Structures are given as C-alpha cells and as structure tokens.
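Keep in mind that this is a model prediction, so the values were computed, not measured.
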Amino acid sequence: MQQERLADLDELVLRCRDNVARAHIEEALASYRVGAYRSCIVSTWIAVVYDYIHKLRDLDLSGDKLAKQKLEEFEDICKKHDVSGSLLFEKNVILQQHEDFELITPLEKVDLERLFEDRNRCAHPSMNSPEETYKPTAELARLHLRNAVTHVLQRRPTQGKAVIDRLISEVRSPYFPTSSNEAKEYLKQGALARPREALLRNWIIVILKAMLLDKGFQLQLSAALDASRVLHRELVESTLREQLSKIYRQIPDKTLYRGLRFQALLSDVWQYLEDDVAMLLKNMHKTK
C-alpha cells in the first residue's frame, strides 16, 4: 500500500508545469519520504508561490494588463530587496489567484489557505510555549502536497470567462479544424488540458448556444464540442443532459431548423434531449 502512495506522488510531481515549482515539489516529496513533514509543507508552499509567478509571466505574454502590473510589483520588490514587501506579496498570492485572476475556485482557495497557515506553523517558532514544536502528520503533509498540484501546479493560467472568450474566438476562425481528432489535438494543448469543472461546463454551454442560437462556423463548433466530449466525457455528457434541452427551448420557432442541423452534425446527442424537446423535433422533421 505504501509503495502505491509513493508512486502516486511521483506521478503528481510529473504534472507540474513550471520547472522551478517542480523542483520545490520534488524537494517536498523527498522530505515527505524521510518523515520531514514540516519541510515538506514549507517546500510545497514555496512551489505554489513560484507557480503563481510563472502564471503571471504567461498571462503577461498574452496581454493581460493586471498580470503585467503584478509582475512589475514583484520584480520591483526583488530589486529593492524589500523583505516586508516580499512577505506581503506572498501573503496575497492566494487572494490574487482567486479574486483578481479567477485561477482557483472558492473551495480551492480554502484548501490553499490551510496550506499557508500550516506553512506558517512549520516555518515559525511555536507561540504556545518555548518547548512545544509543531508536528504535522504524514497525512496532512501528503494532503497539502496533493492539493498544491491538483489545484494549481498542474494547471495552465485559465481565467474563466477570459479563457472561454479566447477559445470561442479561436474556434470561430475559418482555420480551426473541422475534424474532431484534429480539434482534440488542438484543444488538449491549451486551457482544456486540465480544466476546472466550472470552466468546462461553461465552455460546453457557450458552444451549445453558438450552435443552436447563431449560424456561423458550425463545422468548427461541432468539432470542438465532439473533441471536448472525447477529452472529458463524463463531465461533458452530464452538462449536455442538464443544458441541451434548456437551450433548445430558447430557439425561436422560425429558426428551429437549427436544432435539426445540430442533430445532423452530432447525431448521437439525441440521447441527451428531454421528451418534450425530442417530440417537437420529431414533429418538425415530419413536416419537412
């Protein structure tokens, strides 16, 4: 059982995107294996901070003005060797990822705040008594290590609506693949590689609305939808069951033919329709 756990942590380390963050996670894992759980938690937190800085650089390159501002503030702190400014920047890492850039969900924010609190307990002398030493358990250290990787270190800097807007703009390009396999290869290299559930759900809803309520780039959109379903089948299919009929009901009668066109492009999505919508489409098909 122990070997399975260690192998699982090795796999987590390989998921880290940034080389500097990965180096600190490797150090955290080495500390975990020898029972140095305080060192494990401290190194895990350092990896989270470096990952955030790496994401700021990525966002800056994509033209994000706020990311550019935050990055300049950090670089200014480094140039001035401003210790208090550095501590303040570190303290705000989680808040900025959640509120300014939407990189983490509210629940992920809580998990990372727990990591930060335990990092402080591990890195600073205990204030309870001079003789007392904080001793985190192996389970706690492992939990923080796993949360750090799954919540932030393995993910690209995807920011909710901004990412979806960029993706839909790319899909609506005449140069986006119309083949599902080619679309899959394209999408899995970007924000849909390891997306948050909320991001993926919203992405599917945006595609459905574009296909059923608009009229352009249908081949590209259907390829993107099918590719998304291949990459993340369970969540995409649950979203289709929940949302497809709702969106169908928004289609005006005069453009309901788009619903039939949608079925022609993706014939197996009929299974996700509720009975009233399926009946409506069948009756419309009979009149054609």
Side-chain angles (χ1 to χ4, degrees), residues 58-59 62-64 102-103 155-285 287-288:
D58 282 351
L59 292 170
S62 68
D64 190 302
E102 300 178 22
L103 298 175
R155 290 179 178 163
R156 296 177 181 272
T158 55
Q159 298 175 256
K161 186 177 183 299
V163 170
I164 292 175
D165 288 345
R166 191 190 75 240
L167 279 172
I168 202 68
S169 176
E170 293 172 356
V171 170
R172 280 177 165 158
S173 164
Y175 306 110
F176 188 83
T178 56
S179 157
S180 175
N181 287 334
E182 291 180 1
K184 182 186 73 172
E185 293 304 314
Y186 180 91
L187 292 174
K188 76 178 185 180
Q189 302 301 322
L192 294 190
R194 297 182 185 273
R196 298 198 308 270
E197 287 191 9
L199 174 68
L200 185 58
R201 287 183 187 278
N202 291 334
W203 164 239
I204 297 305
I205 291 171
V206 167
I207 293 182
L208 292 175
K209 287 184 176 180
M211 293 189 71
L212 292 168
L213 304 179
D214 298 332
K215 59 182 180 180
F217 302 104
Q218 294 296 307
L219 292 177
Q220 288 89 341
L221 288 164
S222 63
L225 177 57
D226 206 33
S228 300
R229 186 166 44 158
V230 172
L231 290 171
H232 308 284
R233 182 167 298 277
E234 183 177 349
L235 187 56
V236 171
E237 289 187 340
S238 69
T239 305
L240 287 170
R241 289 190 185 93
E242 293 169 5
Q243 301 295 331
L244 184 57
S245 294
K246 294 179 183 178
I247 298 171
Y248 259 100
R249 295 186 185 106
Q250 298 176 29
I251 306 175
D253 287 345
K254 63 181 181 181
T255 57
L256 193 57
Y257 65 87
R258 291 175 185 166
L260 294 176
R261 179 188 60 193
F262 178 80
Q263 296 293 330
L265 290 170
L266 296 155
S267 58
D268 64 332
V269 297
W270 189 273
Q271 61 184 307
Y272 307 119
L273 291 175
E274 295 178 18
D275 291 343
D276 63 311
V277 175
M279 181 69 71
L280 182 66
L281 290 174
K282 285 179 182 178
N283 290 338
M284 180 181 180
H285 184 68
T287 62
K288 290 294 183 180

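For T239 (side chain) and I204 (main-chain N/O), no donor-acceptor pair under 3.5 Å exists by modelled atom type. Using a distance-only test at 3.5 Å, with no hydrogens or angles considered, a donor-acceptor pair links the side chain of R156 to the main chain of Q189.
Counting only residues at least two apart or in different chains, ring-ring contact (aromatic ring centres under 6.0 Å, His included) contacts with residues 179-233 comprise F176-Y186.
Counting all heavy atoms, side chain and backbone alike, L213 lies closest to Q250 at CD1-OE1, 3.8 Å. In terms of heavy-atom proximity, Q218 sits nearest to A210 at NE2-O, 3.7 Å. Between A183 and A223 the shortest heavy-atom distance is CB-O, 3.7 Å. Nearest approach of L221 to V171, heavy atoms of both residues: CD2-CG1, 3.7 Å. Heavy atoms only, all atoms of each residue included: R201 and S238 are closest at NH1-OG, 3.7 Å. Shown here for V269 and L244, the closest heavy-atom pair between the two residues is O-CD2, 3.8 Å.
Atoms CD1 and CD, on I205 and E242 in that order, are 8.0 Å from each other to the nearest 0.5 Å. S180 OG to E185 CD: the interatomic distance, rounded to the nearest 0.5 Å, is 10.0 Å. One finds the CD1 atom of I164 at 9.0 Å from the CG atom of L200 (value rounded to the nearest 0.5 Å). Rounding to the nearest 0.5 Å gives a distance of 12.0 Å between CD1 of I207 and CD of Q220. Note: L199 CG to L103 CG = 11.0 Å, rounded to the nearest 0.5 Å. Note that NZ of K246 and CD of Q243 are 4.5 Å apart. Values are rounded to the nearest 0.5 Å.
With sequence neighbours excluded, the residues satisfying salt bridge (charged side-chain N to carboxylate O under 4.0 Å, His left out) with R229 are D226, D268.
Few gaps surround CD on Q271; more than 12 heavy atoms of other groups in view lie less than 6.0 Å from it.
Residues M211 and I247 are not in side-chain contact: their nearest non-hydrogen atoms beyond the backbone lie 4.5 Å or more apart.
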Requested in this report: For the pair L240 and L208, evaluate side-chain contact (heavy atoms from CB on, under 4.5 Å) and give the outcome as yes or no after the intermediate values.
Outcome: CA-CA 9 Å; L240 287 170; L208 292 175; 3.8 Å; yes
Query raised in the report: Does the side-chain contact (heavy atoms from CB on, under 4.5 Å) test come out yes or no for L192 and L167, once each step is laid out?
Result: CA-CA 9 Å; L192 294 190; L167 279 172; 4.3 Å; yes
